[in-house]
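Since we're looking at a predicted model, the values are computed, not measured. Here is the naming used below: chain letters follow the sequence lines, and residue numbers restart at 1 for every chain.
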Protein chains: 2
Amino acid sequence: MTSTLDQVFAALGDGTRRQILTMLLEDDMAVTDVAEPFEMSLAAVSKHLAILTRAGLISQEKRGRVKWCKLEPQAMREAVVWIESFGQLEALNFDAFEEFLERELSD
Amino acid sequence: MTSTLDQVFAALGDGTRRQILTMLLEDDMAVTDVAEPFEMSLAAVSKHLAILTRAGLISQEKRGRVKWCKLEPQAMREAVVWIESFGQLEALNFDAFEEFLERELSD
DNA sequence: GGCACATTCAACCATTTGGTTGACGATTAA
DNA sequence: TTAATCGTCAACCAAATGGTTGAATGTGCC
């Protein structure tokens, strides 16, 4: 049951990585610049970026010797849909909802 | 930097746990009943429930020898707020909602 | 060419996760 | 009181996380 959803949520489950994503809202950044505000090694930040890349939350493109990190916010979409749909489901009367589903999916 | 947000996102980063949350949408459940559809030991499910409890996504109350699990969906609120800050959450699109339903409720 | 810079790789370490099995304490029911 | 049920605990295992350091690889600059 390893889906993208697994990786997206897991990637978001770390404050350092959420902070990186927030930084990338402003602009694309080189790995070294991403690492600058953190009190950890460059290699550690590089690993965080790999996890974000694997989850599809960022992309990395090498130009010259610099690797640029770019936010890919649509990767969050599936997670948003899950979490938001969850909220909507919760508000529903489940029995009525099942009837609705049967009607809707039976053709 | 371990926040509730860390725990909520990390807890959601596992398909088994998301499925448990979906099951609990319908009604409160005993641990044994939660475990029933899964092909893993009761002890394993018990650990998943502990992780969900630590994240605040469910609560557990023991009555007699049965421990009841109850969804606490407001724990997701902080996560929704965070994720919404990326401006990706437009009005929920119905197609995506249906996709979600088919994924979550098909089996 | 040679040096400095940007980034990753490799090896290591401690902790957490996701699973197992078997024993155990608590509770209910016969 | 004895037996069955509910759920966790303890010990173990393999794999992943989050970090370190030091060496290696590319690339740009003088």
Problem - Rounded distance (Å) that lies between atom C1' of D:dC6 and atom CG of B:Leu49 - result: 13 Å
Fill in the blank from the handout: Ranking A:Val66 and A:Lys47 by the position along DNA chain C of their nearest nucleotide, the one closer to 5' is A:Val66
Exercise for the section: Would you mind reading off the distance between A:Phe9 atom CZ and D:dT17 atom C1', rounded to a whole angstrom? Expected result: 19 Å
Practice task
Send over the distance from A:Ile51 CD1 to D:dA16 P, rounded to a whole Å.
Solution key: 12 Å
Problem - Distance below 4.0 Å between A:His48 side-chain N/O and D:dG19 OP1 or OP2 - result: yes
Exercise for the section: Return the 5'-most residue of the pair B:Met40, B:Arg54 with respect to DNA chain C, ranking by each residue's nearest nucleotide. Expected result: B:Arg54
Handout entry: Intermediate values then yes/no, side-chain contact (heavy atoms from CB on, under 4.5 Å), B:Trp68 and B:Asp27
Key = CA-CA 10 Å; B:Trp68 293 91; B:Asp27 207 354; over 6 Å; no
Practice task
Describe the nucleic acid contact of A:Arg63 in one word from base, sugar-phosphate, nothing, applying a heavy-atom distance below 4.0 Å.
Solution key: nothing
Exercise for the section: Would you classify A:Ala30 as touching base, sugar-phosphate or nothing, given that sugar-phosphate means primed atoms plus P, OP1 and OP2, and contacts are heavy atoms under 4.0 Å? Expected result: sugar-phosphate
Handout entry: Separation between NZ of A:Lys70 and CG of A:Leu24, rounded to the nearest 0.5 Å
Key = 10.0 Å
Completion exercise
Separation between CD1 (B:Ile58) and NE2 (B:His48), nearest 0.5 Å, reads 11.5 Å
Exercise for the section: Between D:dT8, D:dT21, D:dG26, spot the one nearest the side chain of A:Lys62, thanks. Expected result: D:dG26
Problem - Polar side-chain atom of A:Ser46 near backbone of A:Leu42 as donor-acceptor pair, under 3.5 Å - result: no
Handout entry: Comparing A:Gly13 and A:Ala43 on DNA chain D - which has the more 5′ nearest nucleotide
Key = A:Gly13
Exercise for the section: Could you tell me the separation between the CG atom of A:Leu52 and the C1' atom of D:dT17, rounded to a whole number of Å? Expected result: 13 Å
Exercise for the section: Find the distance between CZ (A:Arg18) and CG (B:Asp6) and round it off to the nearest 0.5 Å. Expected result: 4.5 Å
Handout entry: Rounded distance in Å - CD (A:Gln7) to P (D:dA15)
Key = 18 Å
Practice task
Spell out, as yes or no, whether a donor-acceptor pair under 3.5 Å connects the side chain of B:Arg17 to the backbone of B:Leu12.
Solution key: no
Handout entry: Listed nucleotide nearest any side-chain atom of A:Arg65, set D:dG26, D:dG18, D:dG7
Key = D:dG26
Practice task
Can you tell me the distance, in whole Å, between the CH2 atom of B:Trp68 and the C1' atom of D:dT5?
Solution key: 14 Å
Handout entry: chain B contact limits on DNA chain C, taken 5' to 3' with a cut-off of 4.0 angstrom to heavy atoms
Key = C:dT17 to C:dT28
Exercise for the section: Would you indicate whether the side-chain heavy atoms of B:Lys62 and B:Gln60 approach each other to under 4.5 Å? Expected result: no
Exercise for the section: Indicate, with a heavy-atom threshold strictly under 4.0 Å, whether A:Leu42 touches base, sugar-phosphate, or nothing. Expected result: base
